[in-house]
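What you see below is based on every heavy atom in this structure, not just the backbone, and it leaves out hydrogens, waters and symmetry mates.
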Amino acid sequence: MGIFLETERLRLRAFVPADADLVRALHNDPEVMRFINGGLPTTREEIRDRTMPHFLHEYPGLGTRGFWAAEEKRSGDFLGWFEFRPLDEHSPAVVELGYRLHRAAWGHGYATEGSRALVGRGFAELGVERVTANTMAVNTRSRRVMEKAGLSFVRAFTADWPYMIDGSEHGDVEYELTRERWKTS
């Protein structure tokens, strides 16, 4: 099934079209989507026409996809997904790290475990020079994962989002980790 990476507890594999219902269930949990779109539901058509093509896309710069289905190794349960996508599709220099997990997976260290593994593989094998990640400033859980994965705060900024989300008045934050800093940590 296109396994990209395994950790002690996780298996990150390539998405397949049949994963659409799993993704739709994840994207329809209002708490999971709270800091993305304010918890609004996601339609079957949006998953089919926008999300899944994005998840199935190959990035020539990395020679891989940029989104990975996350499964618990022991049970095979779908936990959510990770993003490790180059900002320039033809260059591995800068990649964006992201994650979205079911609420049942929160608080168990899966986001940190998957993020650290992706960062390590990116720097060691894929030619990545810089990993970046952003979230809303008020999303303290996601910020903590970024920090535990080795990324450091770079800046606060205000993004133009299509939805007014509770907390968006506080802006967004960017974190990063460079290959040089990763080597010395």
[X] to [Y] - nearest heavy-atom pair and separation:
X      : Y      : result
Pro92  : Val95  : O-CG1, 4.0 Å
Ile36  : Val32  : CG1-O, 4.3 Å
Leu26  : Gly80  : CD2-CA, 3.8 Å
Ala14  : Asp19  : O-OD2, 4.4 Å
Leu101 : Ala111 : CD1-N, 3.7 Å
Phe123 : Val128 : CD2-O, 3.1 Å

Item to complete: Apply side chain to side chain donor-acceptor pair (under 3.5 Å) to Arg44 and list each qualifying residue two or more places apart in sequence or on a separate chain.
Response: Asp21
Response to the item:
Those residues at least two apart in sequence (or on a different chain) that pass side chain to side chain donor-acceptor pair (under 3.5 Å) with Asp49 are none
Determine whether [X] and [Y] make a side-chain contact, defined as any pair of heavy atoms from C-beta on separated by less than 4.5 Å.
X     : Y      : answer
Phe84 : Leu12  : no
Leu97 : Tyr175 : no
Met52 : Pro17  : no

Verify the cluster assignment for [X] and [Y]: are they in a single hydrophobic cluster under the rule of side-chain heavy atoms below 4.5 Å apart?
X      : Y      : result
Phe153 : Leu151 : yes
Val138 : Leu40  : yes
Phe82  : Leu56  : yes

If you draw a 6.0 Å radius around [atom1] in [X], do more than 12 non-hydrogen atoms from other residues or ligands fall strictly inside?
X      : atom1 : value
Asp166 : CG    : no
Glu8   : CD    : no
Arg50  : CZ    : no

Measure the spacing between [atom1] of [X] and [atom2] of [Y] and express it to the nearest 0.5 Å.
X      : Y      : atom1 : atom2 : answer
Glu89  : Leu62  : CD    : CG    : 10.0 Å
Arg155 : Glu174 : CZ    : CD    : 4.5 Å
Tyr59  : Asp88  : OH    : CG    : 11.0 Å
Met33  : Ile165 : CE    : CD1   : 9.0 Å
Phe67  : His57  : CZ    : NE2   : 10.0 Å
Arg11  : Phe4   : CZ    : CZ    : 15.0 Å

Discussion item. Please check this pair: side chain of Asn28 against backbone of Thr42, looking for a donor-acceptor N/O pair closer than 3.5 Å.
Written reply: yes
Fill in: Test salt bridge (Lys or Arg N to Asp or Glu O under 4.0 Å) applied to Glu58 - qualifying residues, sequence neighbours left out
Arg65
Worksheet item: Which pairs, with at least one residue in residues 132-144 and sequence neighbours excluded, count as a salt bridge (Lys or Arg N to Asp or Glu O under 4.0 Å)?
Response: Arg144-Glu147
Worksheet item: Among Trp68, Phe15, Phe55, which one satisfies ring-ring contact (aromatic ring centres under 6.0 Å, His included) with Trp81?
Response: Phe55
Fill in: Qualifying side-chain hydrogen bond (donor to acceptor under 3.5 Å, both in side chains) pairs with a residue from residues 94-118, counting only residues at least two apart or across chains
Thr7-Glu113, Arg9-Glu113, His27-Arg100, Asp29-Arg103, Glu72-Tyr110, Arg85-Glu96, Glu96-Asn134, Tyr99-Ser142
Response to the item:
Residue pairs meeting side-chain hydrogen bond (donor to acceptor under 3.5 Å, both in side chains), one or both in residues 176-185, sequence neighbours left out, come to Glu129-Arg179, Arg130-Glu176, Ser152-Arg181
